[in-house]
Amino acid sequence: MRPHQTLPYTLPDLTDAERIARATAMRERLATRRSCRYFADAPVPRQVIEHAILAAGSAPNGANHQPWHFAVISSPETRRAIREAAEAEERAFYAGKASDEWLDALKDLGTDADKPFLETAPWLIVVFAQRKGGIEEDGKTQNYYINESVGIACGLLLATLHEAGCATLTHTPSPMGFLRKICGRPEHEKPLMIVVTGLPAPDATVPAHAVRKKPLEQITSWL
Ligand code: IYR
């Protein structure tokens, strides 16, 4: 007897060839994801966003407290408010707060303080990490492995949106405290990132720099 309530767990009984084929296919589809900064203003169905958030909400996490909240913004007024606040922080960042080394690391990405995509893209998903709350969201119970949990959730969110044919951008204006106020979230929630999503603009480009990925030999050691 196991000392807790259990449910059976099974997975499809694949052959090794099928496992390899599925891993390859998934990897190849994920490899076409890019951070996109040029969005069309075309709509994307709300159901796409709902399914992507439910996928994010299935992430492994500390003690199954599911320490995340997704504030989904489509209203033009709120997108404008977020753009204005984000650009104010970014202007300070690019005009002096960032070190020369940091600005140098960004130069191949072509980013600057202008963030028009915050108004162009139809959906902004502001991801909050709940420092407290537990599964009942009581605002008091300690949560665990918060950044790890919400980071994995963001990965699943991005993967699902990509699979649905949506372009995405993880945007992290710093500091991000203003998002708590705009989204009406409590003090114990920490804004982690804005996931911008929609369709790519017809003339969208991505920085060539970002296409260079480290090879397997470099990112792996087999012990
Ligand atoms: N948050 C800024 C700067 C920035 C920082 C990193 I590290 C990036 O990979 C990209 C941008 C901005 O959004 O412009």
Side-chain angles (χ1 to χ4, degrees), residues 30-41 44 49 52 56 68-74 76 78-129 146-162 166-183 185 189-201 203-215 218-219:
L30 286 175
T32 63
R33 187 205 52 78
R34 299 263 91 84
S35 289
C36 175
R37 295 179 177 82
Y38 305 97
F39 286 84
D41 60 7
V44 161
I49 308 302
W68 40 61
H69 181 87
F70 304 89
V72 186
I73 292 123
S74 60
T78 310
R79 282 185 292 156
R80 180 166 329 115
I82 289 179
R83 177 182 179 180
E84 281 170 10
E87 287 184 340
E89 300 295 2
E90 296 291 6
R91 277 193 291 273
F93 173 86
Y94 284 97
K97 253 177 64 184
S99 65
D100 287 346
E101 183 181 1
W102 194 346
L103 291 178
D104 190 55
L106 293 181
K107 72 176 184 322
D108 290 335
L109 298 181
T111 55
D112 59 28
D114 291 334
K115 306 298 176 193
F117 51 75
L118 292 172
E119 283 193 85
T120 322
W123 298 104
L124 306 180
I125 306 171
V126 185
V127 183
F128 290 88
I146 298 156
N147 292 330
E148 294 85 345
S149 302
V150 186
I152 298 167
C154 287
L156 296 181
L157 180 70
L158 294 170
T160 308
L161 290 168
H162 176 67
C166 293
T168 54
L169 176 68
T170 53
H171 179 47
T172 52
S174 162
M176 276 193 285
F178 69 88
L179 290 168
R180 201 185 281 122
K181 193 153 171 233
I182 292 178
C183 300
R185 299 310 301 171
E189 291 188 1
K190 178 175 80 165
L192 215 65
M193 67 179 74
I194 307 172
V195 174
V196 183
T197 193
L199 303 183
D203 62 348
T205 57
V206 295
H209 171 73
V211 175
R212 182 180 154 209
K213 298 303 179 203
K214 293 182 183 178
Q218 194 179 344
I219 62 173

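When a ligand or atom number is given, it counts from 1 through the structure's own listing order.
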Query raised in the report: Closest approach of Glu87 and Pro116, non-hydrogen atoms and distance?
Result: OE2-N, 4.1 Å
Report summary line: Tightest non-hydrogen contact, residues Gly198 and Pro122, listed as CA-CD, 3.6 Å
From [X] atom [atom1] to [Y] atom [atom2], the distance as rounded to the nearest 0.5 Å:
X	Y	atom1	atom2	result
His162	Arg34	NE2	CZ	8.5 Å
Ile194	Arg79	CD1	CZ	12.5 Å
Thr168	Trp123	OG1	CH2	16.0 Å

Just jot down the ligand 1 atoms closer than 4.0 angstrom to any heavy atom of [X], in number order.
X	result
Tyr94	2 (C), 3 (C), 12 (C), 14 (O)
His171	13 (O)
Phe93	3 (C)
Leu109	9 (O)
Trp102	5 (C), 7 (I)

Report summary line: Nearest non-hydrogen contact to atom 1 (N) of ligand 1 from the set Glu89, Met176, Glu90, Lys115 belongs to Glu90
Query - atom 8 (C) of ligand 1 [closest protein heavy-atom partner, distance rounded to 0.1 Å] - result: Leu106 CD2, 3.4 Å
Query raised in the report: With distance as the sole test, does Arg180 use its side chain to make a donor-acceptor pair with the main-chain N or O of Glu189 at under 3.5 Å?
Result: yes
